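I have placed the structure first, in the form of structure tokens, so that the comments after it can refer back to it.
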Amino acid sequence: MTPETSAPSPDSRPTRVRIAPSPTGDPHVGTAYIGLLNYLFAAQRGGEFVLRIEDTDRTRFVASSEQMIFDALKWIGLTWNEGPDVGGPYGPYRQSERTEIYREHVELLLRSGHAYRSFETAEELEEVRKQQMAAKQPPRYNGAARHLSQEEIDANLAAGKPFVVRLKVPLEGSTTFRDELRGEITFDHNNVDDQVLMKSDGFPTYHLANVVDDHLMRITDVIRAEEWISSTPKHVLLYNAFGWELPKFWHMPLLRNVDKSKISKRKNPVSLVYYRESGYLPNAMLNFLGLMGGGMAQPTEQEIVSKGLNTKEGDIFSLAEMKERFDFQRISLGGPVFDLVKLKWLNGEYIRRQSPDEFFQTLRQTLFSDAYLRAVAPLVQERIETVGQFGDMTGFLFSDNVLPPESVWLPKKRQPEETLAFAAEQLTALEASTWDAASIEAELKKLGEAKQWSVKENFMLLRAILSGSLTSPPLMESLVVFGKARSLDRVRRFLETQKKLANQRK
RNA sequence: GUCCCCGUCGUCCAGUGGUUAGGACAUCGCCCUUUCACGGCGGUAACACGGGUUCGAAUCCCGUCGGGGACGCCA
């Protein structure tokens, strides 16, 4: 293990960091947050920032996601030196294109006795896990396959039985690693599971792929979210098994919902697409993310005086200033709440600082872009008699705060409670739906049938939530044009508001 | 439940043994203003608790409590 020392980094390798998003859906604010941190870290040390796509999960793979991630990161102003789109000397940068590499490395581990094949099915494991939970035991793999004889293994292999490869965690002892922000962290090996390294479909899990890639890509500092701390011992064990030098680990605090739980789409808009489409400015978003965790030193009294700063200026800074002053050692470890109220204030500051022409350009590029107007126009062309009526019909597509009164959203033969419950179901159905008119309609109808809601009741409720009115352009088309991220948010906000109102009445 | 991490106003951050515990957002009041917003001024509001260490603890140590994360053939 590395001896404890406060001397400058023993390895004089050039700094290389990476962001490794998984293309499973919309680009996430957490990705932007960790991306920003990695970007700054590299920029401050003259290092390289690598973008690697972790697409080893076939079941959750979303084809459109990768491009959306690129676009979203570029939108907030981050660029990378190496990645699937720009190439680089350590490619390929898509894990699905590196399967041969992982196969070779698994073979190495198998041969050196650091890993073993395991033939249980996912169902069998699930069963065991349930029993363990019921018996209040920690849910863990029991290590049965460790004891398979070579004959048994060969027989299973010959029979074509699917298998996974697991890490053989030592039964005794513990693993200690250094977190650059927290100091040493120790895990007893009896609390570390025999992690699956390669799935039965031949794809590696994150744990194997990230270690192999980080090493091969010469990553010096692993800057990732705190949720990874408990699997870091597995990674350390892997580095040791391969005989590789450890990178430094920096675990960043997790962004939180208002209730302090890990930020999630159920409780907070997390899609960068949502923020872009709702008219948040990219530099405001980046500034806000820089505020999370407190890595930016506040300006000193002298700076405030010499630069003539307002007191609130301490919270307002650009990417360039972050490169200059952001200090990783200052990061506070309490998980910061992603507070939309403050984000909105910050965004307002940025809007007010734009010149009239800049603001005009912002409008033309967002809410009044040609693309958006082109999409909205066909919804109303045959429904209006003067162009002046355009706003009357489409206001909800240009508004942020649409909230129908109960007289509008409550169907005649329904109670408020069952209606809100159904709206929550609609939200779930919409979340799961592909975003085109036919798919949305099918999902909603399926739900209506299951819950005994007529098509009319079903669609009118959603129409009321989306448009705030009983009259609107065609529902499905409106949803499509308004966009998935914003539509979901509108339903979510409707439900939250009604919940609050109900609580007030009590 | 087990393991790990964390703990200053409602929220985001300052504070690294001696401060009237500071700023920003939010909130409340006043001013500006035809309205709203912006802007200006002011107020309410926090060291989770209990033990130590020390002349002195928000700051150091221990415990309790609280919050969070992980415990997947997801990342």
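The model shown is predicted, which means the values in this text are computed figures rather than measured ones. Letters A, B, ... are given to chains in the order of the sequence lines, protein chains preceding strands, and every chain is numbered from 1. FYI, side chains are in, hydrogens and waters are out, and symmetry mates aren't considered; it's all heavy atoms of this structure.
- Contacts of A:Tyr206 with the nucleic acid, taken as non-hydrogen atoms under 4.0 Å apart, include base atoms.
- Side-chain N or O atoms of A:Asn268 include none that pairs as donor or acceptor with a backbone N or O of A:Val270 at under 3.5 Å.
- No side-chain donor from either of A:Asp179 and A:Trp250 sits under 3.5 Å from a side-chain acceptor of the other.
- Not one side-chain nitrogen or oxygen of A:Thr205 sits closer than 4.0 Å to the OP1 or OP2 atom of B:C74.
- In terms of phosphate contacts, A:Arg129 brings a side-chain nitrogen or oxygen within less than 4.0 Å of OP1 or OP2 of B:G72.
- The local environment of CD in A:Glu100 is crowded, with over 12 non-hydrogen atoms from other residues, nucleotides or ligands closer than 6.0 Å.
- Taking atom CG of residue A:Leu333 and atom C1' of nucleotide B:U8, one finds them 15 Å apart after rounding to whole Å.
- One atom, CG of A:Asp179, and another, P of B:C3, lie 20 Å apart when rounded to the nearest Å.
- We find that CG of A:Leu346 is positioned 10 Å from C1' of B:A24, with the value rounded to whole Å.
- Within 4.0 Å of A:Ser231, counting heavy atoms only, lies no atom of the nucleic acid at all.
- Looking at A:Phe203 and A:Met198, their side chains never come closer than 4.5 Å, going by heavy atoms from C-beta outward.
- Nucleic acid contact class of A:Glu126 (heavy atoms, under 4.0 Å, all strands): none.
- Two residues, A:Gly334 and A:Thr59, neighbour RNA chain B, and the one matched to the more 5' nucleotide by heavy-atom proximity is A:Gly334.
- Between A:Lys260 and B:C12, a side-chain N or O to OP1/OP2 separation shorter than 4.0 Å is present.
- Looking at heavy-atom distances under 4.0 Å, A:Arg166 makes contact with sugar-phosphate atoms alone, never a base.
- Of the C1' atoms belonging to B:G40 and B:C47, the separation is 31 Å, rounded to the nearest Å.
- Going from the P atom of B:U20 to that of B:A26 covers 30 Å, rounded to whole Å.
- One can place CG of A:Asn347 at 20 Å from P of B:C12, the figure rounded to the nearest angstrom.
- For A:Ser332 and A:Leu343, each mapped to the nucleotide of RNA chain B holding its nearest heavy atom, the one lying further toward the 5' end belongs to A:Ser332.
- The separation of B:U8 from B:A48, taken at their P atoms, amounts to 6 Å, rounded to a whole angstrom.
- Nucleotide B:A70 has B:U2 as its partner under the Watson-Crick or G-U criteria, with both atom distances under 3.5 Å.
- The residue A:Arg182 sits close only to the backbone: its heavy atoms come under 4.0 Å of sugar-phosphate atoms, none of a base.
- Across the C1' atoms, B:A14 and B:G23 are found 7 Å apart, a figure rounded to whole Å.
- Residue-level contact check: A:Thr186 touches the backbone only, with heavy atoms under 4.0 Å from sugar-phosphate atoms and none from bases.
- When the P atom of B:C73 is taken as reference, atom CD of A:Gln195 falls 7 Å away, rounded to whole Å.
- Using a 4.0 Å heavy-atom cutoff across all strands shown, A:Ser200 reaches at least one base atom of the nucleic acid.
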Run the side-chain contact (heavy atoms from CB on, under 4.5 Å) test on A:Arg52 and A:Gln95 for me, step by step, so that the C-alpha distance in whole Å, both residues' side-chain angles and the decisive distance to 0.1 Å come before the verdict. CA-CA 8 Å; A:Arg52 183 173 71 220; A:Gln95 291 187 330; 3.6 Å; yes
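- Pairing for B:C36 is absent, judged as Watson-Crick or G-U wobble with the two contacts each under 3.5 Å.
- Here, B:C9 and B:G43 have their C1' atoms 14 Å apart, quoted to the whole Å.
- When Watson-Crick and G-U wobble pairs are counted only if both distances are under 3.5 Å, B:A21 pairs with no nucleotide at all.
- Within the 4.0 angstrom heavy-atom criterion, only backbone atoms of the sugar-phosphate kind lie near A:Arg330; the bases stay farther away.
- The side chain of A:Lys199 contributes an N or O atom lying less than 4.0 Å from OP1 or OP2 of B:C74.
- Across the protein-nucleic acid pair, A:Lys342 atom NZ and B:G10 atom P stand 15 Å apart, rounded to whole Å.
- Under the Watson-Crick or G-U wobble criterion, with both distances below 3.5 Å, B:C41 is paired with B:G29.
- Among the atoms of the strands shown, only primed sugar atoms or phosphate atoms (P, OP1, OP2) are found under 4.0 Å from some heavy atom of A:Glu349.
- Between A:Lys262 and the phosphate of B:A75, there is no side-chain N or O to OP1/OP2 separation shorter than 4.0 Å.
- Here the separation of B:G7 from B:U59, taken at their C1' atoms, is 14 Å to the nearest Å.
- Applying the 3.5 Å distance criterion, the base of B:C4 shares no donor-acceptor pair with the side chain of A:Ser230.
- For A:Arg352 against B:C38, a side-chain-to-base donor-acceptor contact under 3.5 Å is absent.
- Distance noted for atom P between B:C4 and B:G15: 29 Å (whole Å).
- Heavy-atom distances under 4.0 Å link RNA chain B to no residue of residues 211-219 of chain A.
- Residues A:Asp400 and A:Ser278 have side chains that never bring a donor and an acceptor to within less than 3.5 angstrom of each other.
- Close to B:A75, at under 4.0 Å from its OP1 or OP2, lies no side-chain N or O of A:Arg58.
- The backbone N or O of A:Ser271 sits nowhere less than 3.5 Å from a side-chain atom of A:His28 that would complete a donor-acceptor pair.
- Residue A:Val164 places its side chain closer to B:C73 than to any other of B:U11, B:C74, B:C73.
- Using cut-offs of 30° and 60° for the angle between ring planes, the A:His207 and A:His235 rings count as tilted.
- Distance A:Arg256 CZ to B:C5 P: 15 Å, rounded to the nearest Å.
- Across the C1' atoms, B:G22 and B:U34 are found 40 Å apart, a figure rounded to whole Å.
- When heavy atoms are screened at a 4.0 angstrom cut-off, A:Gly348 is found touching no nucleic acid atom at all.
- The partner of B:C47 cannot be assigned: no Watson-Crick or G-U wobble pair with both contacts below 3.5 Å exists in any strand.
- Spacing between atom CE of A:Met296 and atom P of B:G15 amounts to 14 Å, rounded to whole angstrom units.
- Atom CD of A:Glu107 sits in a crowded spot, with more than 12 heavy atoms from other residues, nucleotides or ligands closer than 6.0 Å.
- Partner assigned to B:G7 is B:C65, using Watson-Crick or G-U wobble distances below 3.5 angstrom.
- Donor-acceptor pairing under 3.5 Å is lacking for the side chains of A:Tyr206 and A:Glu54.
- Side-chain contact between A:Gln195 and A:Ser231 is absent, with no heavy-atom pair separated by less than 4.5 Å.
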